[in-house]
Amino acid sequence: MDPPSLETLSSIGPGGARNFLHPAKARGRFTRARTIVFAVLIALLVVLPFITINGRPGVWLDMAGRSFHFLGFSVGPTQTWLLFLIALALAFALVVTSALWGRIWCGWACPQTVWLEGVYRRVERLFEGDRHRQIQLDDAPWGPEKVLRKGGKNLVFLLLSVAIAHLLVCYFVPPAKLWQLMGSGPGSDPEVFIWTSALTAVVFFDYAWFREQMCIIVCPYGRLQSVLTDQDTVVVGYDARRGEPRGKASKAGIGDCVDCSRCVAVCPTGIDIRQGLQLECVGCAACVDACDEIMAKLKRPPGLIRYDSLRGLTQGEHRFLRPRVYAYAVIAAGILVAGAFLAQSRPELPVTIVRQAGAPFVLDGDDVRNAYLLRTANKTEQEELLTIEVIPANPKAEVTIPAKTWPLPPQGIAAIPVFVEVDREHFAGAFDVTVKVTGKDGRQAELHAQFLGPDR
């Protein structure tokens, strides 16, 4: 394979064919730290759907019920403003992270990296060995050993993909229900079975074959990074002032880089970090550990490749506080204030009354009838019991409602029909209709509608 360059991708050959990358195993402080982070994140992903809070899974995206539940906090269909704020906050956090620390999310917390580097690569090395043995195995003719190693690896990959697919489905279907469906067979819920099968295929394809192409070709985050970084963004970089010119360690007048290419060998996307910041770099710091290991053997100081800003690598200084940081602080404060204000002003007993579709009034013999719709929602995690009282300003008017008390389940919504009618003889003109809705804890909402009828 040709050495990586800025104009080509190491994972794509001259004719467009796929070059499979075999990153060597890095050892060092960042690799150990990432292993701990991966373990914690995988544990959280596995545990969250299985813990129970307020009778619901810890995380449950209830698409059928149009509500999301996260660690006891629920967002219902009537709280779109909160969903918008959450999405805005997450997007803003991604922008800030990219602008301040580059692609640290990609290298440390992205599920693509967590599962690939934390699980699948380990299985691959267990069956095929490290980089040198993997390359030898790929180049060897097919025989019993190659079939056993490749077949065993892909069988474990498939089993892992099935497990991950079911784990993902647990975020949408409670684990107890999913277990019941698994015991009942695919016919009990074909939709869940199809989704689980499709996710298994996608996960297997991604981690067994596509791999780094997901980061390089599909994911837009690398492109986003290129417009968010500046000279003071912390990235993984090579100190050319110290490392150049390259050469053997025993040669006089050269820099600290001995051109061993160990940084290239451990890179999961196959780039040479010594060529500068590149779109394919995911900020995993494997090259930092690899270079520090070589520097330790040569009894030279670490940090030839390190986390630093482009300004720090070229000028030896770094500015964290800069105009964009202040701008981020102002925007973050604005989002927090808006969220606090909306949460504070949010009515605990939201009720609206609208006129039902159709004519504003109906003549039924000698009676004039108006039809309304009382819409309400329970935004709490406890069952609500509403008491409804309709008071027309015309004492001769009669009110018809399905029930004077209306139960609402947690995060439930209701549309309650209300009919008001009056004898045409006693209709002197439009009058006010007051609707009072009282919750079980005494909270009350009062609404007003107008009763309309024919001109006399």
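Bear in mind the structure is a predicted one, so any value in this text is a computation, not a measurement.
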Over all atoms of both residues, closest heavy-atom pair of Ile305 and Asp292: O-OD1, 4.3 Å

Glu317 atom CD: more than 12 heavy-atom contacts under 6.0 Å: yes

Exercise: identify the closest heavy-atom pair between Ser11 and Arg18: O-CD, 3.4 Å

Partner residues of Arg131 under the side-chain hydrogen bond (donor to acceptor under 3.5 Å, both in side chains) criterion, sequence neighbours left out: none

Any donor-acceptor N/O pair, Arg56 side chain to His69 backbone, under 3.5 Å: no

Check ion pair Glu128-Lys25 (N to O, under 4.0 angstrom): no

Plane angle bin for Phe320 and Trp101 - parallel if under 30°, tilted between 30 and 60°, otherwise perpendicular: tilted

N/O donor-acceptor pair under 3.5 Å between Gln134 side chain and Gly129 backbone: yes

N/O donor-acceptor pair under 3.5 Å between Ser261 side chain and Val264 backbone: no

Backbone of Gly107 reached by a side-chain donor or acceptor of Thr113 within 3.5 Å: no

Lys146 atom NZ: more than 12 heavy-atom contacts under 6.0 Å: yes

For Tyr328 against Phe92, the heavy-atom pair lying closest together: O-CZ, 3.2 Å

Gap separating the CG atom of Asp62 from the CZ atom of Phe68, nearest 0.5 angstrom: 9.0 Å

Side-chain donor or acceptor of Asp256 paired with backbone N/O of Arg242 under 3.5 Å: no

Six-ring centre of Phe38, Arg34 cation under 6.0 angstrom, axis tolerance 45°: no

Expected output: side-chain Lys153 to main-chain Val123 donor-acceptor under 3.5 Å: no

Asp230/Arg322 ion pair, N-O < 4.0 Å: yes

Side chain Gln356, main chain Tyr372, donor-acceptor under 3.5 Å: yes

Side chains of Arg324 and Thr233, donor plus acceptor under 3.5 Å: no

Polar side-chain atom of Glu280 near backbone of Ser10 as donor-acceptor pair, under 3.5 Å: no

Heavy-atom donor-acceptor pair, Tyr221 side chain to Val282 backbone, under 3.5 Å: no

Where at least one partner belongs to residues 279-301, residue pairs that pass ring-ring contact (aromatic ring centres under 6.0 Å, His included), sequence neighbours excluded: none

Heavy-atom pair of closest approach, residues Ala290 and Val266: CB-CG2, 3.7 Å

Under-4.0 Å salt bridge between Asp289 and Arg262: no

Non-hydrogen atoms of Val114 and Trp108 that approach each other most closely: CG2-O, 4.1 Å

Distance-only side-chain donor-acceptor flag, Glu124 / Tyr207, under 3.5 Å: no

Gap between atom CG of Leu277 and atom OG1 of Thr229 - 0.5 Å precision: 6.0 Å

Reported CZ-to-CZ distance for the pair Arg125 and Arg121, which is rounded to 0.5 angstrom: 6.5 Å

Minimum side-chain heavy-atom gap Phe172-Trp195 below 4.5 Å: no

Exam field: side chain Gln278 to backbone Asp272, donor-acceptor pair closer than 3.5 Å: yes

Heavy-atom closest pair, residues Pro49 and Pro57: O-CB, 3.4 Å

Parallel, tilted or perpendicular: ring planes of Tyr120 versus Phe157, cut at 30 and 60 degrees: tilted

